[in-house]
Amino acid sequence: DQQVKQNSPSLSVQEGRISILNCDYTNSMFDYFLWYKKYPAEGPTFLISISSIKDKNEDGRFTVFLNKSAKHLSLHIVPSQPGDSAVYFCAASEGAQKLVFGQGTRLTINP
Amino acid sequence: DAGVIQSPRHEVTEMGQEVTLRCKPISGHNSLFWYRQTMMRGLELLIYFNNNVPIDDSGMPEDRFSAKMPNASFSTLKIQPSEPRDSAVYFCASSLVLGKTGTQYFGPGTRLLVL
């Protein structure tokens, strides 16, 4: 059973526009959520996180939104840049230790 | 800091051989995690340690897999004997856990191919 799902395997966005990546989860006990970015042949790199007591967290061009009632989170990147092309993983946990990852979404930013 | 260091970066071995993957966490971090990434199962947690003590190994696939953390700066993941289905990318991550939060930082991974 997949507790964290990223239903879009890929997303293509024009440079300068907004990229929106989505993630759904099923375990209501999750209280900490993260987004990681991964380039080929590298390990995942931490992007941004949010705890369940918040519904929004912002860091520069990246904003994560959490809708607990819908068990849904999203990552907004604005404006999108060519260097943002990568695979994005959302992850969730109870207490930030045992992370459960989604399958990833491959984001391509077109010039 | 150099970040999480993993070795080797690539490993090719034959079925039945012993494989040892190594990890040096970020200095000062108190938690260490081993993950495996495959096409079928994605990125999954195998085992994690807090202060060098294994806390949860429920993700370890079977008895052929074992992990140790003899000190705060070194961990190993061993597969004996290895099988073709063990072929995957293995990541080590570390974090500084304070209370309930701690961001995990990943190493570059070891790409394992078992023939």
Side-chain angles (χ1 to χ4, degrees), chain A residues 1-10 21-27 29-54 57 59 62 64 66 75 86-106, chain B residues 2-10 21 23-26 29-51 53-60 88-112:
Chain A
D1 63 333
Q2 263 191 295
Q3 297 186 70
V4 179
K5 293 182 183 179
Q6 294 177 255
N7 292 318
S8 298
S10 63
L21 296 102
N22 294 302
C23 180
D24 297 297
Y25 61 96
T26 58
N27 188 343
M29 298 300 293
F30 287 148
D31 58 3
Y32 189 59
F33 305 88
L34 309 89
W35 284 94
Y36 282 82
K37 172 180 174 179
K38 186 181 181 304
Y39 293 119
E42 295 184 11
T45 303
F46 170 73
L47 262 182
I48 192 168
S49 63
I50 187 168
S51 75
S52 58
I53 62 173
K54 294 185 174 182
N57 189 26
D59 184 1
F62 303 91
V64 57
L66 177 62
L75 174 68
V87 177
Y88 288 78
F89 292 94
C90 71
S93 72
E94 293 178 55
Q97 291 256 51
K98 194 170 176 178
L99 294 181
V100 178
F101 282 84
Q103 291 289 90
T105 296
R106 182 178 301 278
Chain B
V4 175
I5 299 172
Q6 291 186 246
S7 64
R9 291 294 309 275
H10 302 273
L21 311 182
C23 176
K24 177 178 169 54
I26 293 172
H29 281 190
N30 56 4
S31 292
L32 183 138
F33 307 80
W34 282 101
Y35 289 87
R36 178 172 69 174
Q37 185 181 30
T38 60
M39 289 295 292
M40 290 296 294
R41 300 178 64 89
L43 195 60
E44 54 181 345
L45 177 67
L46 299 177
I47 184 172
Y48 76 93
F49 298 80
N50 280 351
N51 297 312
V53 176
I55 302 300
D56 189 331
D57 66 354
S58 59
M60 296 285 260
V89 182
Y90 291 81
F91 291 103
C92 175
S94 71
S95 70
L96 175 61
V97 176
L98 300 172
K100 289 185 69 178
T101 62
T103 300
Q104 294 182 27
Y105 295 89
F106 284 73
T110 295
R111 186 173 295 273
L112 173 65

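Letters A, B, ... mirror the listed sequences (proteins, then strands); counts begin at 1. Nothing here was measured: the structure is a model prediction, and the numbers come from that model.
Distance check, rounded to the nearest 0.5 Å: OG1 of B/T103 to CG of A/L99 gives 9.5 Å.
In this structure, A/Q103 and B/G42 approach most closely via the heavy-atom pair OE1-CA, 3.4 Å. Minimum heavy-atom separation, B/F106 to A/P44: CB-O, 3.4 Å.
With sequence neighbours excluded, the residues forming a side chain to side chain donor-acceptor pair (under 3.5 Å) with B/S58 are A/K98, B/D56, listed by chain and number. Every side chain to side chain donor-acceptor pair (under 3.5 Å) that B/Y35 has, sequence neighbours left out, goes to B/Q104.
The closest donor-acceptor contact from the side chain of B/R111 to the backbone of A/A41 lies at 3.5 Å or more, if one exists at all.
For a residue to count as touching a neighbouring chain, one of its non-hydrogen atoms must lie under 4.5 Å from one of that chain's; by this rule A/E42 touches chain B with the backbone only. Using a 4.5 Å cut-off between heavy atoms, B/Q37 contacts chain A through its side chain alone, with no backbone atom that close.
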Worksheet item: Does the pair B/R41 and A/F101 meet the rule for a side-chain contact (heavy atoms from CB on, under 4.5 Å), with working shown?
Response: CA-CA 10 Å; B/R41 300 178 64 89; A/F101 282 84; over 6 Å; no
